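Below you'll find the structure, written out as structure tokens, and then a few comments.
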Amino acid sequence: MEKTAITPTRGQNYPEWYQQIIVAADLAENSAVRGCMVIKPWGYAIWELMQQDLDKRFKKTGHVNAYFPLLIPLSYLEKEAEHVDGFAKECAVVTHHRLVPDEVNVGLKPDGELDEPFVIRPTSETIIGESFSKWVKSYRDLPLLINQWANVMRWEMRTRLFLRTSEFLWQEGHTAHATKEEAVAETEQMLKVYAAFAEDVLAMPVIQGEKPCFERFPGAVNTYCIEAMMQDCKALQAGTSHFLGQNFAKASGIQYQNKNGELETAWTTSWGVSTRMIGGLIMTHSDDNGLVLPPRIAPQQFVIQPIYRNDEQRAQVLAYCQQLKQDLEAQVFAGNEIRVHIDDRDIQGGAKSWEWIKKGVPVRIEVGMRDIEKDAVMVARRDAVGSKQSTPRAELLTSAIALLTEIQDGLFSKALEFRNSKMREINSLVEFNEFFAGENNIDSGFAIAYAVDETGIEEFIKPLKVTARCMPLDNNDVAGVCIFTGKLASKKMVFAKAY
RNA sequence: CGGGGUGUAGCGCAGUCUGGUUAGCGCACUUGAUUUGGGAUCAAGGGGUCGUGAGUUCGAAUCCCACCACCCCGACCA
């Protein structure tokens, strides 16, 4: 059998493979704090690229950044009934404001109990709502389009690096509008922003849809999402956008005077993506040799490995590499300077190569004396491990952008093809059960079937450990028969095992 | 919170059943030599409160008791 850099392989043990990818690519590790991760430089660099790209998209659609407190007074959370129900079970609570020596004087204990406990934000609707209520007085103050980059905490029972950790990084957009139509349009617009980002930058095909009523964000009127398929055929919710109606506006008192001087309640939205997307990125493209990064999200797009035997060669080769780096960096790919790194560390060539392969760098370039004599370089693509090709330097420079584009597009096509091959239209409950049959059948994929958007249908799917993911927005709106209830269903629904 | 399991070097483990020199092995790390265009070889090194506490014993990683932590399986979740 062929030797792979990662053991076990995806086929042997998918969850363990996922963990090993993170170790091998040096993305993150578990911290001393239960459920919280340390994001290491290579992983954080990916997050920074996500932030930069998304931030541009948010600004382009008229949003501005602001920052709100980490601590939320308990009473705020209590304002919205459904919201409380949804988050109460997973809140970290701050009850004291100082430490004093304990009885035996060997340690410290909390002291100075607070009159009102704080909750570490699991999300910020309520505290931002409080601010919004002060900021909004007139219809002229609307729409209010705010985004915050922050960390949040949800006390999770079981955690997995990136996919579910107690503390995670995200952005949360919060907007207030004068009319329902505007707020709905905002919700849909941001969903499209997420979808475009996922597909264009992460090369991760997504299904845009609306969550069924029993999967909604606590307190929302409608929740929209983008759903991606991982290589084990499970679904991952990669982003959400909520139309909150007037629920939070009423709870927080976000009111404005309209043109006629009448007091009206605003309509709000919220939307977010998190470091979870990194988990999705990993599981969409990576293979048994490590992480595979689409160029647009790769912290380094080219890594140059100088090869030499002595100091004299070293000087010559390095100078050549420096020039090559400069020439590449002078070019713009997808709106950014091409990112190039020269790895001149004193470690064995083979080991060095494999390190970058495992880190998912799209293109490696080897430069030695032999190449310099021909004014050519060896080019190795991450999407074709094992192949390496001598390319004239001039040709590499003129085709660098095309090369990155080709790799980017190739990864998207491959992921799309995979997902489409694992999606099936289902027309009956029998067929549905067959599709998801078997205890650990991870090859089921996405089932698409007519289903009514009513509570109760979960009972049919729960025993199969399947969840209703969403009602795709692009379905053609021809009604059909619900496979669970036999009633007329206006929309199709996607079902899958999920993260 | 139920059921199962594991704590020994940075990581992965053996040793525990059957107590007995200085607690081992692989990987990683350091140094030197030979190497170097796809995961090098040899040699020499450094690194340990054996999860914590209390006990049994001449003697405990090993046996007894208590506690703690973590992992896996279930209910909740971006």
Side-chain angles (χ1 to χ4, degrees), chain A residues 2-7 13 15-16 19-20 23-24 29-35 85-91 121-123 150-160 162-172 194 211 214-218 220 223-228 235-242 270-280 289-290 305-310 313-314 317 346-358 364-372 374 376-380 384-390 439-440 462-463 465 467 469 498-499:
Chain A
E2 199 183 336
K3 189 191 174 190
T4 58
I6 304 295
T7 43
N13 184 346
E16 182 59 24
Q19 305 274 13
Q20 291 307 319
V23 173
E29 62 191 23
N30 279 308
S31 73
V33 182
R34 191 197 123 87
D85 281 352
F87 286 107
K89 294 183 291 291
E90 44 185 349
C91 286
R121 63 182 164 220
T123 179
N151 57 340
V152 288
M153 175 158 274
R154 299 178 186 177
W155 209 267
E156 298 291 348
M157 299 236 163
R158 296 189 56 203
T159 58
R160 294 184 74 186
F162 292 118
L163 296 174
R164 174 161 296 109
T165 47
S166 289
E167 182 189 13
F168 58 92
L169 306 182
W170 78 345
Q171 66 51 227
E172 45 181 327
Y194 286 155
K211 285 286 184 193
F214 48 88
E215 295 283 350
R216 267 182 213 135
F217 175 76
T223 287
Y224 297 87
C225 62
I226 51 172
E227 295 284 334
L236 181 84
Q237 179 177 316
T240 48
S241 182
H242 313 291
S270 70
W271 28 275
V273 300
S274 71
T275 37
R276 178 180 235 206
M277 264 197 163
I278 298 176
N289 285 314
Q305 295 176 230
I307 292 157
Y308 48 81
R309 286 166 192 266
N310 52 47
Q313 287 187 359
R314 178 171 188 272
V317 172
D346 180 23
I347 57 174
Q348 190 100 17
K352 192 186 279 186
S353 299
W354 280 102
E355 197 175 299
W356 292 113
I357 289 169
K358 287 186 283 191
R364 286 184 308 106
I365 297 176
E366 295 176 11
V367 178
M369 294 305 293
R370 277 187 252 151
D371 306 302
I372 294 178
K374 291 187 292 183
V377 297
M378 297 298 296
V379 175
V385 169
S387 69
K388 193 159 71 171
Q389 196 171 345
S390 181
E439 270 296 296
N440 294 307
K462 255 189 176 165
K465 294 181 181 173
T467 56
R469 303 314 299 166
Y499 278 99

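Bear in mind the structure is a predicted one, so any value in this text is a computation, not a measurement. Reminder, nothing fancy here: chain letters follow the sequence lines and each chain counts from 1.
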Write down the protein N/O and nucleotide N/O pairs, taken from nucleotides 28-37 of chain B, whose separation is under 3.5 Å; answer none if there are no such pairs.
from: B:U36; atom 1: OP2; to: A:R309; atom 2: NH1; distance (Å): 3.3
from: B:G37; atom 1: N7; to: A:R370; atom 2: NH2; distance (Å): 2.8
from: B:G37; atom 1: O6; to: A:M369; atom 2: N; distance (Å): 3.3
from: B:G37; atom 1: O6; to: A:R370; atom 2: N; distance (Å): 3.1
from: B:G37; atom 1: N1; to: A:G368; atom 2: N; distance (Å): 3.4
from: B:G37; atom 1: N1; to: A:D371; atom 2: OD2; distance (Å): 2.3
from: B:G37; atom 1: N2; to: A:E366; atom 2: O; distance (Å): 3.4
from: B:G37; atom 1: N2; to: A:D371; atom 2: OD2; distance (Å): 2.7

Run the side-chain contact (heavy atoms from CB on, under 4.5 Å) test against A:Q20 and tell me which residues pass, sequence neighbours left out.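 Partners of A:Q20 by the side-chain contact (heavy atoms from CB on, under 4.5 Å) criterion, ordered by chain and then number, come out as A:I6, A:P8, A:E16, A:V23.
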Any residue meeting side-chain contact (heavy atoms from CB on, under 4.5 Å) with A:S270, in chain and number order, not counting sequence neighbours: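 Expected list: A:E125, A:H174, A:H242, A:L244.
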Mind checking the [atom1] distance from [N] to [M]? Whole angstroms is fine.
N	M	atom1	answer
B:A43	B:G7	C1'	35 Å
B:C71	B:G26	P	30 Å
B:G45	B:G53	C1'	36 Å
B:A66	B:G55	P	16 Å

Any base atoms under 4.0 Å from [X], or only sugar-phosphate, or nothing? Heavy atoms, all strands.
X	result
A:L236	nothing
A:G386	base
A:V385	base
A:T165	base
A:K358	base

For the pair A:E227 and A:K211, find out whether any cationic side-chain nitrogen is under 4.0 Å from an anionic carboxylate oxygen.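 Yes, this pair counts.
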Under the criterion of centre distance below 5.5 Å and interplanar angle below 30°, is A:W354 classified as stacked on the base of B:G38?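 Per 5.5 Å and 30° rule: no stacking.
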In whole angstroms, how far is the P atom of B:C76 from the CD atom of A:Q237?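 Checked: the CD to P distance equals 16 Å.
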Nucleotide nearest A:S274 (side chain, heavy atoms from C-beta), chosen from B:A78, B:G38, B:G39: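 Between B:A78, B:G38, B:G39, the one nearest the side chain of A:S274 would be B:A78.
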For A:W170, look at atom CH2 and say whether over 12 heavy atoms of other residues, nucleotides or ligands are found less than 6.0 Å away.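 Enclosed: over 12 neighbouring heavy atoms sit under 6.0 Å from CH2 of A:W170.
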Would you sketch RNA chain B in dot-bracket for me? Only Watson-Crick or G-U wobble pairs with both distances under 3.5 Å count, crossing pairs as [ ], other-strand pairs as |, the rest as dots. ((((((((.[[[[.)....(...]]]].((((((.....)))))).....[[[.[..)....].]]])))))))....
Report, one pair per line, the protein and nucleotides 8-10 of chain B atoms (nitrogen or oxygen only) whose separation is under 3.5 Å.
none

How would you list, by chain and number, every residue that makes a salt bridge (Lys or Arg N to Asp or Glu O under 4.0 Å) with A:R314, sequence neighbours excluded?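 With neighbours one apart ignored, the set is A:D344.
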